[in-house]
Amino acid sequence: MADIRKIGMTPQDIGNGFPADALFGTGTSLTFADIIAQPRYNDCDQYSVTCELVPGLTLPLPVISAPMDTVTEWRTAVEIALGGGFGVIHTNLDIATSVEQVERVKRSQMGIVTDPICRRSTDRVTEVDAVKKKHGFSTLLITLDGKPGSHLLGLVAERHSALAEPEETLGNVMIRAEDLVTAQADNIRSWSDAKEFLRRHPMASKVPIVCSEGTVVGMFTDTDVVKMKKSPHAVVDPSSGQLLVGAAVSTHEQDRERIEALLEAGVDLLLIDSAQGSTKYAVEQIRFIRRCNGDIPIVAGNVVTPAQAAPLLKAGANILRVGMGIGSICTTQTVTGVGRGQLSAIYHVAKWVRESEFEATIIADGGIASSGDMFSALACGASAVMLGGYLAGHDETPAEVVPHNGFRYKRYRGMGSPAALVAGGQARYGASSGVLVHQGVEGLVPASGLMAPALTELLAQLTKSMEYVACDSLADLHARLWDGTLRFELRSHGAQREGDVHNLIRI
Ligand code: IMP
C-alpha cells in the first residue's frame, strides 16, 4: 500500500477509502473480488452509462459480446445491439459465412436496405420460404432481371405465397409495381426521411425505393419503425437505421481477404483476435486495415500492459481489448504462467492511455461474473466490458442446449479449447512450435432464456452503481477515478465472504 502522505491524503481522510492510485502499482495483481468502490454523498438526479467507444460509436449499454463460437453469431449480435450494446461475430467461420452473419444483422432491422433481396417474376413462390429460411424475412422485390438496380415489377410477401400453389410463379402472386406505394430515391436520404414518408403514407407498409427510371435502389418497411420504437437504446447507424455489428479477424495474412470482404459488407468495427495481441503480425494487420479504411474502429489486443498497447495504438488501432488468462473458460495462466489480475490490467493500461499521446478506449475483456464486476471494470478505467460466459446461456447464442440432471444448460467453450481449435480457433491460439497448446476448456452454463430482459436489468444495475458512487456519466466516473475523488478499498477474504450471500440456505 502506498504511503498516504505521498499521495496527498490526510490521516482523517482515509476513512473515506483510497484513490485507485494508492491500491494499484504495489506489485500485486488485483481483480474483481479484491476491490470495492465506496459510496458518496449524492446530489445527482440523472445517471447514464453511455460510452463513446470511438467518436460516432456510442453504446447506451457499455457491453460487448465476445467473438466466441458459442457466444456471438447474428442472433446474439442483433439482440445485444437492440439492447444498447454491441456484438462481435467470431472467426471460426469461412469468409462467406462471416459476411453472411454481418449481412443478417444488417437485414434484421433493415432501416433503409440498399441491396434488397430481389427475384424474377418467373421464379417459383417457394423462393419466399427459401429466403425466409436464409435471411429471416420474407418480403421480396420482383425486378426484371431478379437483382437490385433493375426495373421494379412488383413485390411479394409471405401472405401472397402462402395463398399460392408451390408451382405458381412470383409474377402470378405479386402486387404489381403500379399498385405499390414507392418512394423516389431523391427524397429518401436518411432513416428520418423514410419515417417521415411512412407518416405521410399511413397505408404504406413495404416501400421500394426507385430512381427516376423505375429501377430499384432500396427499400424500407413499417415493421422496422415498430421494432425501433420497442428498442429505444438500439445501436443503429443514424443514416440507414441498420443495427451496428463488428467482426473478429485473425492476425494472419491469409485473413486479409476476410477483412476486405467484411468491409465491403459494411461491418462497423473490426477486432483483431489474438490471445497475446502485441505482435508484429497484429501491427501489420492494423496497418493493412487502416490502408483499406481510415475510419473503421479497430479493436486490438488482448493486452494487459502499457508496453504491449503502445505499438498497437501507434499502428492505428483505437480501442484496446484488455485481459489475459482471466476468462471463465480460460487456462492460459495455468498453462503458460503469463497474464495479469484483471483490474490491475485495466487500471494500468487505462492510466497509461490517458497520459499518452493516443486517443483510445478500453474494453475490459473476460472474468466478469456480475454487474458488480462490470461496474468495477468501468470504475477502474474501462469504457465497456466484453462478456462471454455471462451471455453464453441465453437463447440467442449459437450453442447447443444440453439437458443435465433435470436442468437445461448451454454449451460454452473457450476459443482455445480442443474442440474450438479444431473448428478454427488456431488463428487466435496458434502455436509457433507447430504443436497446438490448449488454453481453454469446454463446459456448461445454465440456460438463461431471452437476452433482452437480462440486458434491460443490466442497464438498471449499472445505473444503480452510478447512483451509489454519485457519478452522472462515465466521463464523470473516469474524471473522479483520475482525480482521486472516487474511492476504493481492498477487501479481505472475510469482507469478500460478507459481501456475498451468507448464513442462509438459498431457495
Ligand atoms: P468470460 O466472459 O469470462 O467467459 O471470458 C470471455 C473471454 O475469454 C473472451 O472474450 C476471450 O478474451 C477469452 N477467451 C476465449 N476463449 C478463450 C480460451 O480458450 N482461453 C483463454 N481465453 C479465452
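Just so you know, ligand 1 is whichever comes first in the structure, and atom 1 is the first atom listed for that ligand.
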> Apply salt bridge (Lys or Arg N to Asp or Glu O under 4.0 Å) to the pair Lys106 and Asp237, showing each step before the final yes or no.
CA-CA 10 Å; Lys106 298 274 165 203; Asp237 176 335; 5.8 Å; no
> Taking distance alone, with no angle check, do Pro67 and ligand 1 share an N/O pair under 3.5 Å?
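By distance alone, the answer is no.
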> Taking the minimum heavy-atom distance to atom 9 (C) of ligand 1, which of Ile64, Asp365, Leu271, Thr70 ranks first?
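It is Asp365 whose heavy atom sits nearest to atom 9 (C) of ligand 1.
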> With a cut-off of 4.0 Å, which atoms of ligand 1 are near a heavy atom of Met68?
6 (C), 9 (C), 15 (C), 16 (N)
> Using only atom types and a distance under 3.5 Å, with no angle test, would you say the side chain of His394 pairs donor to acceptor with the backbone of Ala454?
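Checked: no pair found.
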> Is the side chain of Thr58 donor-acceptor paired with the backbone N or O of Glu52 at a distance under 3.5 Å, no angle test?
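Not at all, since once roles are kept as given, no pair shorter than 3.5 Å links the two residues.
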> Are Trp482 and Tyr347, when compared by the centres of their aromatic rings, separated by less than 6.0 Å?
yes
> Can you confirm, on distance only, whether ligand 1 has an N/O atom lying under 3.5 Å from any N/O atom belonging to Gly366?
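No, no N or O pair falls under 3.5 Å.
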> Heavy-atom distances under 4.0 Å are what count here, so tell me which part of Asn302 touches ligand 1: side chain, backbone, both or neither.
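Answer for Asn302: side chain.
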> Between Thr331 and ligand 1, is there a nitrogen or oxygen pair with a distance under 3.5 Å?
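No, no N or O pair falls under 3.5 Å.
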> From the options Thr463, Leu477, Asp476, select the one residue that forms a side-chain contact (heavy atoms from CB on, under 4.5 Å) with Tyr47.
Thr463
> Any atoms of ligand 1 less than 4.0 Å from a non-hydrogen atom of Met386? List them with their elements.
10 (O)
> Do the side chain of Ser48 and the main chain of Thr50 share a donor and acceptor less than 3.5 angstrom apart?
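Confirmed, Ser48 side chain pairs with Thr50 backbone.
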> So if I count the atoms of ligand 1 from 1 in the order they appear, which ones are less than 4.0 Å from some heavy atom of Tyr412?
1 (P), 4 (O), 5 (O), 6 (C)
> Would Gly323 count as a contact residue for ligand 1, given that I'm defining contact as a non-hydrogen atom of the residue lying under 4.0 Å from a ligand atom?
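No.
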> If you count the atoms of ligand 1 from 1 in the order shown, which ones are under 4.0 Å from a heavy atom of Gly389?
1 (P), 2 (O), 4 (O)
> With a cut-off of 4.0 Å, which atoms of ligand 1 are near a heavy atom of Ser328?
1 (P), 3 (O), 4 (O), 5 (O)
> Any idea which atoms of ligand 1 are less than 4.0 Å away from a heavy-atom of Ile329?
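What qualifies from ligand 1 is 8 (O), 14 (N), 15 (C), 16 (N), 17 (C), 23 (C).
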> I'd like to know if the side chain of Thr331 reaches the main chain of Gln439, judged simply by a donor and an acceptor atom lying under 3.5 Å from each other, with no hydrogens or angles considered.
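Indeed, once roles are kept as given, a pair shorter than 3.5 Å links the two residues.
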> Looking only at distances, please establish whether an N/O atom of ligand 1 is found under 3.5 Å from an N/O atom of Ala66.
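There is no such contact.
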> Thr332 heavy atoms, cut-off 4.0 Å: which ligand 1 atoms fall inside?
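In order of numbering, the contacting atoms are 21 (C).
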> State the atoms of ligand 1, each with its element, that fall below the 4.0 Å cut-off from a heavy-atom position in Cys330.
20 (N), 21 (C), 22 (N)
> Out of His438, Arg321, Glu442, Met415, whose heavy atom sits nearest atom 11 (C) of ligand 1?
Arg321
> Okay, side chain of His348, backbone of Thr305: is any donor-acceptor separation there less than 3.5 Å?
no
> Inspect the contact between Glu284 and Arg287 and indicate whether a charged nitrogen and a carboxylate oxygen are less than 4.0 angstrom apart.
yes
> Taking Ser465 for its side chain and Gln461 for its backbone only, find out whether a donor-acceptor pair lies under 3.5 Å.
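Looks like yes, one N/O pair under 3.5 Å.
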